[in-house]
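Keep in mind that what you see is a predicted model, and the values were worked out from it rather than measured. Sequence positions, counted from 1, serve as the residue numbers for this chain.
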Amino acid sequence: MSARTNPPDRELILASLRDYVEQLREEGLEGLPAAEPSVAPRESPRVHVVIETPQAAPAAPSRAAVNDRQAQPPRIASAPDAAPRSAPDELFYRYPGLEKTADLAALREFIGDCTRCKLAPMRTNLVFGAGNPSAELMFVGEAPGADEDARGEPFVGRAGQLLTDIIERGMGMARSEVYICNVIKCRPPENRNPEPDEVAACEPFLFRQIDLVRPRVIVGLGTFAVQALLKVKTPISKLRGNWQEFRRIRMMPTFHPAYLLRNPADKRLVWADIQEVMRELGRPLPSRGARR
Ligand code: URA
C-alpha cells in the first residue's frame with residue numbers, strides 16, 4: 001500500500017499546521033516563519049514575535065485601590081517585567097497640546113488627518129474608536145483590519161462580530177454601552193504586525209483616549225494590545241485571566257476574538273475572564289440560555 005498522502009489529506013494537514021503555527025505566534029513564540037498573507041485570516045491578530053521570559057502574574061491590587069477614580073496623576077501598569085517607561089507627561093508632551101484635549105471629540109480633532117507615521121498613505125480611514133465616551137468598560141484591540149479600514153469603525157469584521165456577541169450575549173450589555181478602540185489607528189498593510197515606530201507614534205492617542213474615557217475596567221484583547229499597554233513581552237497565554245493595572249485602571253488581558261475564531265475551544269477561557277470582569281463591575285451574569 002502506498003504511504004503517500006492523498007491531496008485532500010495533505011491540505012487538511014497543512015491547514016492544521018498553519019493553525020498551530022498561528023497559535024504559537026499568538027503565544028509570542030520566536031523564530032516562526034512569516035505568515036503567508038494568502039492564508040492568514042483577514043483579521044489575524046498582529047503579534048510581536050519576541051524572545052519572551054515567562055513571568056508570574058503580579059498580585060491583583062485591592063479593589064478599593066483600583067476603583068479610586070480620583071484625579072490622581074496617571075501611572076502606568078505594574079507588571080513585573082515592565083520595560084522602563086516614559087512618564088505620562090512625556091508621552092503627552094510628545095505632541096504638545098495633547099494633554100489639553102478635553103474630550104474625545106477634541107482628541108479626534110487633534111489627531112486630524114494624521115501623517116505622523118508611515119501607515120498614513122496606506123489607510124482608507126483612520127479608525128479612532130467607538131462607543132460610550134464615559135463607558136465603565138473599554139476594550140482595546142490591536143489595529144484595524146480591512147473591514148475596519150473600509151468603514152472607519154473598530155471591530156466590524158468577523159472578529160468584531162464575535163466581540164459583539166461576547167458583549168451582547170455573553171455580558172448582557174449593549175455594544176453602545178462600552179467603548180472600543182485599538183492601539184494603532186490605521187491598518188498595517190496585509191494586516192502585518194504594527195512596527196515599533198508606528199506604536200510609538202500612535203500610543204499617546206490611546207493613552208489620552210483611556211484617560212478621557214476613564215473606564216473602571218479595560219479588557220486587553222490579544223498579545224499585541226496587552227503587550228503594548230503593559231510594556232511587557234509576556235505572552236497572552238500567561239497573562240490572560242490575571243488582573244493587571246494600567247494607569248490605576250484594572251485591566252483584564254484575554255485572547256483576541258480573531259484567535260478565538262481559529263481556536264473556539266479557548267472560548268471557555270475568555271468566558272472565565274469575562275465573568276471576572278462582570279464581577280469587578282458588579283454586574284449580573286446573563287443566564288446560560290441567553291449566551292447561546
Ligand atoms: N482586530 C483588531 O484588533 N481591531 C479591530 O478593530 C479589528 C480587528
Side-chain angles (χ1 to χ4, degrees), residues 45 60-61 63 66-72 74-77 79 88 91 98 101-108 111 126-144 148 153-156 159-160 162-168 170-185 199 202-231 236 239-257 270 273-283:
R63 186 181 285 225
V66 172
N67 285 350
D68 170 14
R69 300 175 74 189
Q70 292 163 10
Q72 307 250 8
R75 166 165 84 72
I76 302 179
L91 285 174
L98 179 58
T101 50
D103 55 27
L104 291 173
L107 173 60
R108 179 65 193 92
I111 297 172
L126 186 150
V127 181
F128 176 66
N132 177 357
S134 43
E136 284 199 317
L137 178 59
M138 184 163 180
F139 289 85
V140 177
E142 299 169 2
E148 290 76 21
E153 265 185 68
F155 283 97
V156 290
L162 180 52
L163 179 61
T164 305
D165 282 350
I166 291 171
I167 297 166
E168 298 200 332
M171 309 180 90
M173 295 173 78
R175 186 176 148 125
S176 57
E177 228 179 306
V178 305
Y179 193 81
I180 305 176
C181 65
N182 288 301
V183 177
I184 296 276
K185 312 295 185 212
V199 176
C202 224
E203 69 183 5
F205 302 134
L206 171 69
F207 298 156
R208 188 67 188 153
Q209 222 163 1
I210 292 173
D211 273 358
L212 289 170
V213 175
R214 206 69 203 154
R216 282 179 59 200
V217 172
I218 298 172
V219 176
L221 298 169
T223 301
F224 177 78
V226 171
Q227 291 184 348
L229 284 171
L230 295 180
K231 300 284 177 240
I236 188 68
L239 289 171
R240 68 138 287 280
N242 295 298
W243 284 109
Q244 307 287 326
E245 193 184 340
F246 177 80
R247 294 153 77 89
R248 304 184 73 81
I249 299 170
R250 290 206 108 187
M251 205 271 270
M252 175 56 78
T254 196
F255 287 126
H256 193 285
V270 171
D273 303 344
I274 290 302
Q275 285 176 298
E276 273 292 318
V277 168
M278 296 297 276
R279 264 192 287 277
E280 178 64 22
L281 292 174
R283 283 178 175 256

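Side chain of N182 to backbone of K185: no donor-acceptor contact under 3.5 angstrom is found. Side chain of R208 to main chain of T101: a donor-acceptor pair is present (N/O by atom type, distance under 3.5 Å, no hydrogens or angles). Panel note: side chain E168, backbone R175; a donor-acceptor pair is recorded below 3.5 Å.
F155 has its side chain within reach of P257: a pair of non-hydrogen atoms, C-beta onward, lies under 4.5 Å apart. Proximity of Y179 to N132: side-chain heavy atoms (C-beta onward) are nowhere separated by under 4.5 Å. A 4.5 Å side-chain heavy-atom check between L229 and I210 finds at least one atom pair inside the cut-off. Using a 4.5 Å heavy-atom cutoff, the side chains of M252 and W243 are in contact. By the 4.5 Å heavy-atom criterion applied to side chains, M171 and L137 are counted as neighbours. Taking the side chain as every heavy atom from C-beta outward, F128 and L104 approach each other to under 4.5 Å. Side-chain contact check for L163 versus L221: some heavy-atom pair is nearer than 4.5 Å. Two residues are said to be in side-chain contact when any heavy atoms from C-beta on lie closer than 4.5 Å; I180 and I167 meet this criterion.
Taking all atoms of both residues into account, the shortest heavy-atom contact from P154 to V127 is N-CG1, 3.3 Å. The minimum heavy-atom distance between R250 and E280, with the atom names listed, is NH1-OE1, 3.0 Å. Across all their heavy atoms, A228 and E203 have their closest contact at O-OE1, 4.2 Å. What you find for G129 and Q209 is that their closest heavy atoms are CA-NE2, 4.1 Å. Nearest heavy-atom pair, V277 versus V217, reported as atom, atom and distance to 0.1 Å: CG1-CG1, 4.0 Å.
Once rounded to the nearest 0.5 Å, the distance linking CE of M138 with CE of M251 reads 11.5 Å. Residue L107 holds its CG atom at 10.0 Å from CG of L206, rounded to the nearest 0.5 Å. Separation of atoms CD1 (I236) and CZ (F224) is listed at 12.5 Å; rounding is to 0.5 Å. Distance check, rounded to the nearest 0.5 Å: CD of Q227 to CG of L239 gives 7.5 Å. For the atom pair CE of M278 and CE of M173, the computed distance is 6.5 Å after rounding to the nearest 0.5 Å.
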Working for side chain to side chain contact (heavy atoms under 4.5 Å, CB included), residues H256 and T223: CA-CA 8 Å; H256 193 285; T223 301; over 6 Å; no
Take L126 and R108, measure what side chain to side chain contact (heavy atoms under 4.5 Å, CB included) needs, and give me the verdict at the end. CA-CA 10 Å; L126 186 150; R108 179 65 193 92; 3.9 Å; yes
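A side chain to side chain contact (heavy atoms under 4.5 Å, CB included) with I218 holds for exactly one of V213, V226, V140; it is V140.
Shown here are the salt bridge (Lys or Arg N to Asp or Glu O under 4.0 Å) partners of R283, two or more places apart in sequence or in another chain: E136, E177. Under the salt bridge (Lys or Arg N to Asp or Glu O under 4.0 Å) criterion, R240 pairs with D273, sequence neighbours left out.
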